[in-house]
2 protein chains.
Amino acid sequence: MSQDLPTTSYALLGLLTFGDDLSGYELKQRADRTLRFYWVSPAMSQVYTELARLTELGLVHARDDTTAPTRSTRRYQITAAGRRDLQRWLASTAVEFPALKHPVALRLLMGHVVDPETSRSMLDGYLTMLAERRAELQTVRDSLVLDPESAVDRFRFPRMVADWGLDYYASERAMVEELIRRVDTDPP
Amino acid sequence: MSQDLPTTSYALLGLLTFGDDLSGYELKQRADRTLRFYWVSPAMSQVYTELARLTELGLVHARDDTTAPTRSTRRYQITAAGRRDLQRWLASTAVEFPALKHPVALRLLMGHVVDPETSRSMLDGYLTMLAERRAELQTVRDSLVLDPESAVDRFRFPRMVADWGLDYYASERAMVEELIRRVDTDPP
DNA sequence: GGCGACTTATTCCTAGTAGGAACAGTACTC
DNA sequence: GAGTACTGTTCCTACTAGGAATAAGTCGCC
């Protein structure tokens, strides 16, 4: 029916399938919490732009939450049409290969224009960042416990993806440690 | 001295440190060949935009290659100032964490809105893409033989980064195979 | 020798994305 | 009751992505 939207639109639409009506602000928080490990988290402004578009297309429904005292917050929920569109997109066979911007690999590639210590300390710094990231994702993973309230366990797939991410951080760590050994060994 | 440029500018500048004067077109080819495994390859138009800026800043030098019969091709080489700026950038401690857009992880995250076969066949398709990518990178790796012509082995770091990429594809494959097993097992 | 297909080379246009600033009300806390 | 932090939304600008348009050169081949 409709043309494909940018992938980020579907990412936000997908976050709304986990229940609760969210404001743009809350949706951004949910993206920062769970999505960012696999998808560059959209900027605040972009979240609102996407929500406006999805509302226009009837894929989400906006209602003004007037329960709040003076202030009105707009809350969004996915519509039946939105869910259908998401399913159609998920079933489409054309899945792109992951896009990566890896500043550490990029800088290491140019190692011949600096002294080895520069590359070495960059890799050390990356190991530290990796450990932090892994700890953050572990916290998210721990919060995704089996949900006995709902008939289908909504968190089954998020758990699988989080475990995948944790495995990735573990193997990335091992690979970087190996790289550090190779940098330390002077050119043979 | 100068403010930091976008990372892609340094990526292109870095590609010019491996010798040879390149046209915009050739630079794009070099990026597509080696860089794309670690950094989203800039579009043609962006390569020319960056080269114009780098020329403006005196970091690359452009000269019109008039050896070609009627047609004139502009060839670019990195200047001493460009090399200094690249070294300064490489030595800066503020290295960002890799940015990832992983459509497969994103789609798997929403597995609860489609039937398991959809997720399963998506993962199968990803395994195929991974194998192709790995083969492409292996070809690049094989071409990076030790260069006895130059005093410093220019390809030492590209080899390290390529090996890192190959290791990554191998572990990603193992992780995806594990995910397929988990998707096939019905919810416990 | 000229037709077609492919490669090299560059520029232009448009939509999408990033990032931050601006604005404003709410809640806490000292 | 003043300051600070958090919630919530909008606006602005520069940058990036992606493709189309243009054009000249090369190669085979009939």
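In what follows, chains are A, B, ... by sequence order, proteins preceding strands, each numbered from 1. In this text, all values refer to a predicted model and were calculated from it rather than measured experimentally.
As judged by a 4.0 angstrom heavy-atom cut-off over every strand, A:Ser45 is placed among the base-contacting residues. At the heavy-atom level, A:Thr49 lies nowhere under 4.0 Å from the strands shown. Residue contacts shown for A:Lys101 are limited to sugar-phosphate atoms, with no base heavy atom under 4.0 Å away.
What separates NZ of A:Lys28 from P of C:dG20 is a distance of 11 Å, to the nearest Å. D:dT7 atom P lies 5 Å from atom CD of A:Gln29, rounded to whole Å. Residue A:Tyr48 contributes atom OH, which lies 19 Å from atom P of C:dA22 at whole-angstrom precision. Nucleotide C:dT7 holds its P atom 14 Å from the CG atom of B:Asp32, rounded to whole Å. The distance between atom CZ of B:Arg36 and atom C1' of D:dG18, rounded to the nearest whole Å, is 17 Å. Going from atom CD of A:Gln46 over to atom C1' of C:dA15 covers 12 Å, rounded to whole Å. With rounding to whole Å, A:Glu50 atom CD is found 16 Å from D:dT9 atom P. Atom P of nucleotide C:dA18 and atom CE of A:Met44 are separated by 14 Å, given to the nearest angstrom.
Within the 4.0 Å cut-off from OP1 or OP2 of D:dT7, not a single side-chain nitrogen or oxygen of A:Arg74 is found. A close approach under 4.0 Å does not occur between any side-chain nitrogen or oxygen of B:Arg75 and OP1 or OP2 of C:dT8. Between B:Tyr25 and the phosphate of C:dT8, there is a side-chain N or O to OP1/OP2 separation shorter than 4.0 Å.
Listed nucleotides: C:dA18, D:dT16, C:dT17. Nearest to the side chain of A:Pro6: C:dT17. Comparing D:dT9, D:dC15, D:dA17 against the side chain of A:Ser23 picks out D:dT9 as the nearest. With D:dT10, C:dT10, D:dT16 as the choices, the nucleotide that has an atom nearest any side-chain atom of B:Thr73 turns out to be C:dT10.
How far CZ of A:Phe97 is from CE of B:Met129: 7.0 Å, rounded to the nearest 0.5 Å. Rounding to the nearest 0.5 angstrom, the gap separating the OG atom in B:Ser119 from the CG atom in A:Leu90 is 7.5 Å. Distance OG1/B:Thr17 to NE2/A:His112: 3.0 Å, rounded to 0.5 Å.
For the pair B:Arg107 and A:Trp89, the cation-pi criterion (under 6.0 Å, within 45° of the ring axis) is fulfilled.
Using cut-offs of 30° and 60° for the angle between ring planes, the A:Phe18 and A:Phe155 rings count as parallel.
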